[in-house]
*Asks:* 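Mind looking over this structure? Questions follow.
Here is the naming used below: chain letters follow the sequence lines, and residue numbers restart at 1 for every chain.
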Amino acid sequence: MQALYGQILLGLINGAYYALLSLGLSVIFGLLKIVNFAHGVFFMLGALLSSLLLDQLGIGYWWSLLFVPPLLGLCGMALQITLLRPLQELDHLYGLLATFGFALIVQGLTQIAFGSAGLPYAIPQSLQGGQNLGFMILPNYRTWVILVSLALSVAIYLLVERTSLGALLRASTENADRARSFGINVSGLVTLSYGLGVGLAAFAGVLAAPMLQVRPLMGADLMIVVFAVVVIGGMGSILGSIVTGFSLGMIEGLTRYIYPEASNTIVFVLMALVLAIRPNGLFGKVDP
Amino acid sequence: MRAGSFLPWIEKESRLQQILFAGLIIGLALVPVLGWIYPYFIMQALCFALFASAFNLLIGHAGLASFGHAMFFGTGGYLCAHALKVWAVPPELALSFALIATLLLGIIVGMIAIRRQGIYFSMTTLALAQMLYFVYLQSPFTHGEDGIQGFPRGHLLGLIDLTQINAIYYFILLLFLLGQMLIARIITSPFGDVLQAIRQNETRAQSLGYETVRYKWLAFVLSAGLAGLAGAMKALVTQTAGLSDVHWSMSGDVILMVLIGGMGTYLGPILGAFVFAAMLQYLSVLGQWVIVTQGALFLLCVLIFRHGLIGELALRLKRNL
């Protein structure tokens, strides 16, 4: 039983990363209509930057968590303005390929600078240790990751669905031309949403630094699973991203307990099944 | 998928295109005679070129951007290698086996992926390819990280010893030629016309009564089979088959090849593949800088040379190339 609870917990943690990453992808996709292939790179940069800040400057986890996501979010906005805006009017395939090319460059450069091996990153002092629940020991850091991801997901959901900024975002997603004719600064919102999505990826990266190995390819491997998660959930809905992210993490964890050989493939098998039954994904509305 | 950014032509066959292709084949046929270039390098480039042309059939003609084409290339390689090594069948049987199996794989993957359009199609193919990657990583017949190595090329039709460099070279060149002729035949057929129509405006093609899903699916299956054949040829040439050919980065590589040469052009993917193969050959000393170079090439092609080398040339000459 001990092992089962452990795997479910680990699954929930992975689910938290899936949720944050697919949430960011959804936010970006809504306005830019591209899949951000650079998402994994920003996740990796979040982890790498916080590890570097600690090693080189002695800046700790909490400051990283506070400042690294906005900083990378700004980088993302700069990237959107310089690279993606000129491609906005073309076939969306080109925008997607541009993010892919950017991802390759960053990945290559970080591999040259830091090698392919992992950098260690210690769990912050205040979150070390764990709670004994009687049937298992619950490490504090894992509880923290799950709670803060859930809270952030809910906050993003409320931001998009309940605030006036969210209303502008939704209006521009629905019909960019009409939103523009109402005087909404759509291209500013596009930049903002790219920054927000990238910031979420970087936040997930900082959260992941003490748990996963901090290495240049950590994002690339995770992203393909996240793409499958997005296909299963359907990219239209914010809620869909959160629910599918967490539940697929759990399912993966359960599979690792019941039949470990299939744990790498279960998400993809589910994706094929969902596509066969509901081609638009579980929460998706219409095809883009 | 909007058609505006693709090359806008109507005429299908151009004399210049045929002359250039014939010149290319003659030049390639002379390679072992003249001995200026290492034939082994050309053979690898030819395998990549067939792979890229097969991929172009999908992205350039049907407008379907698959991000998982490495699964067919890699599967073709593994199956050909396995048949040669474990079953010790002659090379023509090993290649046929790989071709048929990847066609079947294309049928299944196509049925799943073709249900989704645009971005979703790309992500679905990518995810399915990654699933297959994990399957190959874990199944014993692929030998995991080591790959399948050290198998003989065998005797073609029981007669021609393919260990001889000239024999294998002309055999690969012949297969390349047959593959390219098949692709040319597909593009210029009425079926190819329907694919163009779907790429340009799928809704209109549907309203004309075409069951577009079926056409796209068939294009996917054909492309998959040809990609599998290219992978099998590469396994036969290099006498290895490994995980790197099924990895997602190979799917990215083939996109880059087509992009460099020019999407939707006939000669573009071939040129792109040669550029790519040369890059692998001569830049391999640079280690990880190869990835950086690839990324930079992606950006360059996407931002400036959107039509690719051959595409830009074709635009200047106002001819189909």
*Asks:* List the steps and the verdict of side chain to side chain contact (heavy atoms under 4.5 Å, CB included) for B:Q138 and A:T265.
*Replies:* CA-CA 11 Å; B:Q138 287 170 347; A:T265 43; 5.7 Å; no

*Asks:* Near B:F134 CZ, under 6.0 Å, is it more than 12 heavy atoms from other residues, nucleotides or ligands?
*Replies:*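 Atom CZ in B:F134 is crowded, with more than 12 foreign heavy atoms closer than 6.0 Å.
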
*Asks:* Is it true that, when you exclude B:R204 itself, more than 12 heavy atoms of the residues, nucleotides or ligands shown sit nearer than 6.0 Å to its CZ?
*Replies:* no

*Asks:* Using non-hydrogen atoms and a 4.5 Å limit, figure out which bit of A:L83 sits close to chain B: side chain, backbone, both or neither.
*Replies:*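 Contact with chain B involves both backbone and side-chain atoms of A:L83.
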
*Asks:* Search all heavy atoms of B:L126 against all heavy atoms of A:F227 and return the closest pair with its distance.
*Replies:* CD2-CD1, 3.3 Å

*Asks:* Taking all non-hydrogen atoms of both residues into account, name the closest pair between A:Q111 and B:Q288 and its distance.
*Replies:*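 That would be OE1-OE1, 3.2 Å.
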
*Asks:* Counting heavy-atom pairs under 4.5 Å to chain B, which of A:G108, A:A228, A:G281, A:G101 comes out on top?
*Replies:*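 Most pairs with chain B among the choices: A:G101.
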
*Asks:* Could you tell me the separation between the OG atom of B:S122 and the NE2 atom of A:H92, rounded to the nearest 0.5 Å?
*Replies:*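 Output value for this atom pair is 12.0 Å.
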
*Asks:* Between A:Y94 and B:V302, which heavy-atom pair has the shortest distance, and what is it?
*Replies:* O-CG1, 3.3 Å

*Asks:* Please report the interatomic distance CE(B:M263) to CG(A:L93), rounded to the nearest 0.5 Å.
*Replies:* 5.0 Å

*Asks:* Kindly compute the distance separating CG (B:L256) from CG (A:L97), expressed to the nearest 0.5 Å.
*Replies:* 9.5 Å

*Asks:* Side chain from CB out, backbone as N, CA, C, O: work out which of these in A:V269 comes under 4.5 Å of a heavy atom of chain B, or both, or neither.
*Replies:* both

*Asks:* Quick check for you: to the nearest 0.5 Å, what is the distance between B:W248 atom CH2 and A:F100 atom CZ?
*Replies:*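 Interatomic distance, B:W248 CH2 to A:F100 CZ, rounded to 0.5 Å: 5.5 Å.
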
*Asks:* Of the backbone (N, CA, C, O) and the side chain (C-beta and beyond), which part of B:I255 lies under 4.5 Å from a heavy atom of chain A, both, or neither?
*Replies:* side chain

*Asks:* Of the backbone (N, CA, C, O) and the side chain (C-beta and beyond), which part of B:L300 lies under 4.5 Å from a heavy atom of chain A, both, or neither?
*Replies:* neither

*Asks:* With a 4.5 Å cut-off on heavy-atom pairs, point out which of B:V290, B:L303, B:I291, B:T293 contacts chain A the most.
*Replies:* B:I291

*Asks:* Out of curiosity, B:T124 OG1 to A:L275 CG, how far, rounded to the nearest 0.5 Å?
*Replies:* 5.0 Å

*Asks:* What distance do B:M131 atom CE and A:I224 atom CD1 have between them, rounded to the nearest 0.5 Å?
*Replies:*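 One finds 13.5 Å between CE of B:M131 and CD1 of A:I224.
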
*Asks:* Minimum heavy-atom separation for A:L109 to B:V292, with atom names?
*Replies:*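 Closest approach of A:L109 to B:V292: N-CG2, 3.7 Å.
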
*Asks:* With a 4.5 Å limit on heavy-atom distance, are the side chains of B:R306 and A:L87 in contact?
*Replies:*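 In short, these two side chains touch, coming nearer than 4.5 Å.
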
*Asks:* Before we go on, tell me: are the rings of B:F67 and A:F37 under 6.0 Å apart, centre to centre?
*Replies:*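 Yes - the distance between ring centres of B:F67 and A:F37 falls below the 6.0 Å cut-off.
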
*Asks:* Could you check if a side-chain atom of B:L128 sits within less than 4.5 angstrom of a side-chain atom of A:M271, using non-hydrogen atoms only?
*Replies:*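 Side-chain contact under 4.5 Å: yes.
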
